[in-house]
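For reference, positions follow the sequence shown, starting with 1.
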Amino acid sequence: MNSATPTVTLVQPDDWHIHLRDGPALARTVNDAAKQFGRVIVMPNLLPPVTNTVQAQQYRQRIIEALDLQLTLDPLMVLYLTDNTSADTVRQAKQSGFVHAAKLYPAGATTHSDSGVTDIKNIYPALEEMQKNGLVFSIHGEITDSHVDIFDREEKFIDQILTPLVSDFPELKIVFEHITTQQAVDFVQSANDNIAATITIHHLLYNRNHLLAGGIRPHYYCLPILKRELHQKSLIQAATSGNKKFFIGTDSAPHPQHSKESACGCAGAYTAFAAIELYAEAFDLANAIDKLEGFASFYGADFYQLPRNTQLITLQKKTWQAPSHFDMSDDKLIPLRAQQDILWSLID
């Protein structure tokens, strides 16, 4: 960071986990992401989900068509794994050149996961093919059994599913998405170099007190759910450590205001409008702003075996207020930190 003027210049970052949704919402989500990121890994949990290469290509085209003329963004596509995903589907995805991962949604784990995998063994043939050709296995790591406490679902997933999976597929490249616990940090740190993890900005800045203390705040509700402060501290330490196994993945997810502020509010935090500024805030608070570039701009590209970006962005330590809402088609979209200060600003 420049001490005379509080700025930091980074190689343009990428977002290795984002929800853009589809249809009219794309005009909002795609352009917010493109103002900061060079590439984005696009999650496939649409209705219906993106389960094959043809659907991924069509969705990618819709994303590109939603871009404003002055902006660029490279959408990296992901397939949604189901119990019926075949090895041939995986081969076609890898050969496409634009599908870079396939995603495990345990059935019932999160938004639009009803078509997800009911038993990990059902996708072993697909995983064998992914291991063979290097397609990344992206994982939403939670047990969905109703008797498992929601705050324990990630830890149970590691013990019951992920540990034996890594043993069965030692060469499979795995991204443990949006990790939330100290146990997940420990697992990734101790695993082989084929295992990495994304960390969201909302899990770095907040814990379950922000969600629950003094009343339920629906715009902090996400899945995996915010955990105790001790887990938040573990995530901060991992993100700012300079360990190449941890990199940016916002999990930014847009939901209309009426869907979030309801008796059964949707899970997801919208951060794409100011993601890199919020990450800068978190890293600065941890006295680790010098570690932001690796986390945001290098380690994800290296893991996916893609070239690092060459363009630069500049951030300034300058406070601004997040808007109360954005327009998203005919709906209102309430961002994380709405009408509150954000301590860093993207200036170039």
Any salt bridge linking [X] with [Y]? Criterion: basic side-chain nitrogen under 4.0 Å from a carboxylate oxygen.
X	Y	value
Asp193	Lys173	no
Asp159	Lys156	no
Asp302	Lys244	no
Glu277	Arg337	no

Can you find a side-chain donor-acceptor pair between [X] and [Y] that sits under 3.5 Å?
X	Y	result
Asp341	Thr319	no
Gln232	Asn207	yes
Thr53	Gln92	no
Thr181	Lys227	no
Thr7	Gln316	no
Tyr124	Asp168	yes

Going by the angle between their ring planes, with limits at 30° and 60°, are [X] and [Y] parallel, tilted or perpendicular?
X	Y	value
Tyr270	Phe273	parallel
His140	His178	perpendicular
Phe157	Phe176	tilted

- Side-chain touch Trp16/Ile248, heavy atoms, less than 4.5 angstrom: yes
Which heavy atom of [X] sits nearest a heavy atom of [Y], and at what distance?
X	Y	value
Trp344	Val8	CZ3-CG1, 3.6 Å
Tyr59	Met77	CD2-CE, 3.4 Å
Glu154	Ala184	OE2-CB, 3.3 Å

- Item | Full working for side chain to side chain contact (heavy atoms under 4.5 Å, CB included) between Lys317 and Ile289 | CA-CA 11 Å; Lys317 194 172 184 179; Ile289 197 71; over 6 Å; no
- Path from Leu46 to Val54 over hydrophobic side-chain contacts below 4.5 Å: no
- Do the side chains of Ile225 and Ile216 join up, straight or via other hydrophobic residues, at under 4.5 Å, putting them in one cluster? yes
- Message: Whether the side chain of His255 engages the backbone of Ala267 through a donor-acceptor N/O pair (distance < 3.5 Å, no angle test) should be reported.
- Response: yes
- Message: Nearest 0.5 Å, please: how far is CD in Glu129 from OG1 in Thr85?
- Response: 12.5 Å
- Message: Would you compute the distance between atom CD1 of Ile41 and atom NE2 of His17 and round it to the nearest 0.5 angstrom?
- Response: 10.0 Å
- Would you check if the distance from the ring center of Phe295 to the ring center of Tyr279 is below 6.0 Å? yes
- Message: Just to verify, which of Asn84, Asp83, Thr82 counts as forming a side chain to side chain donor-acceptor pair (under 3.5 Å) with Asn122?
- Response: Asp83
